[in-house]
2 protein chains.
Amino acid sequence: MTDKRKTPLETEEITAEMCSADVRLQALGQVPFFSMLKSAELQEINKLFKEQGFEPNETVYFEGDPADHLYVVAAGKVKLMRHTRSGKDVLLDLLEPGEYFGSLSPLPDETYTETAQARTTVCSLRIGKETFRSILANRPGIALRVLEITAGRLQAAHERVRQLSAFPVEHRIAFTLLTLAEKFGQPQKGRLLIQTPLSRDDLAEMTGTTTESASRTISQLQKAGLIETGRQWVAITDRERLEAILEEE
Amino acid sequence: MTDKRKTPLETEEITAEMCSADVRLQALGQVPFFSMLKSAELQEINKLFKEQGFEPNETVYFEGDPADHLYVVAAGKVKLMRHTRSGKDVLLDLLEPGEYFGSLSPLPDETYTETAQARTTVCSLRIGKETFRSILANRPGIALRVLEITAGRLQAAHERVRQLSAFPVEHRIAFTLLTLAEKFGQPQKGRLLIQTPLSRDDLAEMTGTTTESASRTISQLQKAGLIETGRQWVAITDRERLEAILEEE
DNA sequence: CGACGAATTGAACCTATTCAAAGGGTGTGG
DNA sequence: CCACACCCTTTGAATAGGTTCAATTCGTCG
């Protein structure tokens, strides 16, 4: 019995029981800053997290809400974004299992500076920011890992500022596709599929352009044979020529 | 004897002896993540830093150089930027005394992802990244402060991504001026002077536009009476109307 | 005063946006 | 299982905002 759908994306099979005890432990063990912990320690820390599930498109928190939790993605994909008055949203990041989001700062009276939204069915684990801070205060090794990850995100954000400041749409789209492929890429039929739902709209929000411009650029790249694409998906077929676009000035 | 120059900027009086022992201690005490230390501890840490002076426009390090030090600005102003092949530079940050830059990550074989350049005569203090890491590993309080500051910079970078993605030049210039005023603003003659050399070129590099567009926008804001400006300086005269530009969609 | 770098201004050009309309894949309900 | 409705995507044409190139003016410092 063949699937009639044309999308090459694997549907994310996540059920209601996704937040079961062992899945939780596995998810936490995947978190870069917990991965060095011994099993016993991990179990201790596991107890401090509460699980919370979300349906696709459900919002974890809104920009401006009081910020008092830190979240870890256990299963599914989470989108971080900022809004604008005109309704044009900006997509800041797409998170995989093992990545954190939410509030790191222990200061009171803070609010989230971005909106977090489930893009698939999601299981998240969350912890109060004070509790998390005390974990960091007691285990410098973890604090240093968290710092490294945050510093890495800062570099990525700076690179994005550079892209937006200095390069035309085609260049930015190419860059974004290559970056996404590094994170979500899955070899398939001699091409590199970006294994996450990805609309022209998403791409536009990631590159600071409009849906129409993203669509035109994507079509053009497909005609040139650099990528294959369809509704909600993109696969890279000629990585080298795509990278060559980044070399143009 | 009156000054014939028209610039309202104070010239930064920094001499060759700027890195004297007491200036060093004072500078380190100003660093947010050292400010909670007792005097004795601060003296210990002070010994781990080496001083290094720079002339205006001298480069501290280049993008791509091996990254093995962390720097603290003791005196003067430092500019962080990224280059592009086409020669269009992107200004990432302007640092004041007490701010850090350079490498946080202890990983070997890393390179700086931005170029650091002295904008004035500068005295900097630097420390090997492994040494700095051991300070953090032993004093969780410091590590947490560094993490907070880095997280704050990440928020700022995200906001800049939003600005570049969603708003026109005039809006971005207004935003940048207000942000600069918050950091470098100095009340003077009923206006708020941005106390740092600031050319149209700098402004263009900060807002992702060209020198000419920055110039046109600045002229226009001046004609409208929101700012006063001259060669290398800007002062805000009507903050409210400048902020009102940010409300437009 | 003279020279150099910074800032301004104009005009032509171009990229990307906007508005509008049509085409196609997916999943739902009959 | 088919058909319809919805949303995603594509494409076109007009427009606008910004860039580019070029020339001039202005301020600052030697």
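Below, read A as the first sequence line, B as the second, and so on, with proteins coming before strands; counting in each chain starts at 1.
- Between the CD atom of B:Gln232 and the P atom of D:dT28 there is a distance of 10 Å, rounded to whole Å.
- Summarising the geometry, the separation between CH2 on B:Trp233 and P on C:dA7 is reported as 12 Å, rounded to the nearest angstrom.
- Nucleotide C:dA16 holds its C1' atom 18 Å from the CZ atom of B:Phe167, rounded to whole Å.
- Along DNA chain C, the nucleotide nearest A:Arg231 and the nucleotide nearest A:Glu170 are compared for position; the residue whose nucleotide lies closer to the 5' end is A:Glu170.
- When side chains are defined from C-beta on, B:Gln30 counts as touching B:Pro97, because their heavy atoms get closer than 4.5 Å.
- Within 6.0 Å of atom CZ in B:Arg191, more than 12 heavy atoms from other residues, nucleotides or ligands are found, so the atom counts as buried in its surroundings.
- In this structure, A:Arg200 places its CZ atom 9 Å from C1' of D:dT10, rounding to the nearest Å.
- If you check every strand for non-hydrogen atoms under 4.0 Å, B:Thr209 touches sugar and phosphate atoms only.
- Look at B:Thr210 and you'll find a side-chain N or O under 4.0 angstrom from OP1 or OP2 of D:dT19.
- Listed by residue number, A:Glu212, A:Ser213, A:Arg216 are the residues of residues 212-229 of chain A with a heavy-atom contact under 4.0 Å to DNA chain C.
- By the side chain to side chain donor-acceptor pair (under 3.5 Å) test, A:Glu114 is found to be paired with A:Tyr61, residues two or more places apart in sequence or in another chain being considered.
- In this structure, CD of B:Glu248 is placed 12 Å from P of D:dG17, rounded to the nearest angstrom.
- One atom, CD1 of B:Ile173, and another, P of C:dA7, lie 12 Å apart when rounded to the nearest Å.
- Cation-pi geometry between A:Arg153 and A:Tyr100 is met: under 6.0 angstrom from the ring centre, within 45 degrees of the axis.
- Protein atom CG of A:Asp201 is 11 Å distant from nucleotide atom C1' of D:dC7, rounded to whole Å.
- Looking only at atom types and distance, the side chain of B:Gln163 has a donor-acceptor partner in the side chain of B:Glu159 under 3.5 Å away.
- The side-chain heavy atoms of A:Lys183 and A:Leu180, taken from C-beta on, include no pair separated by under 4.5 Å.
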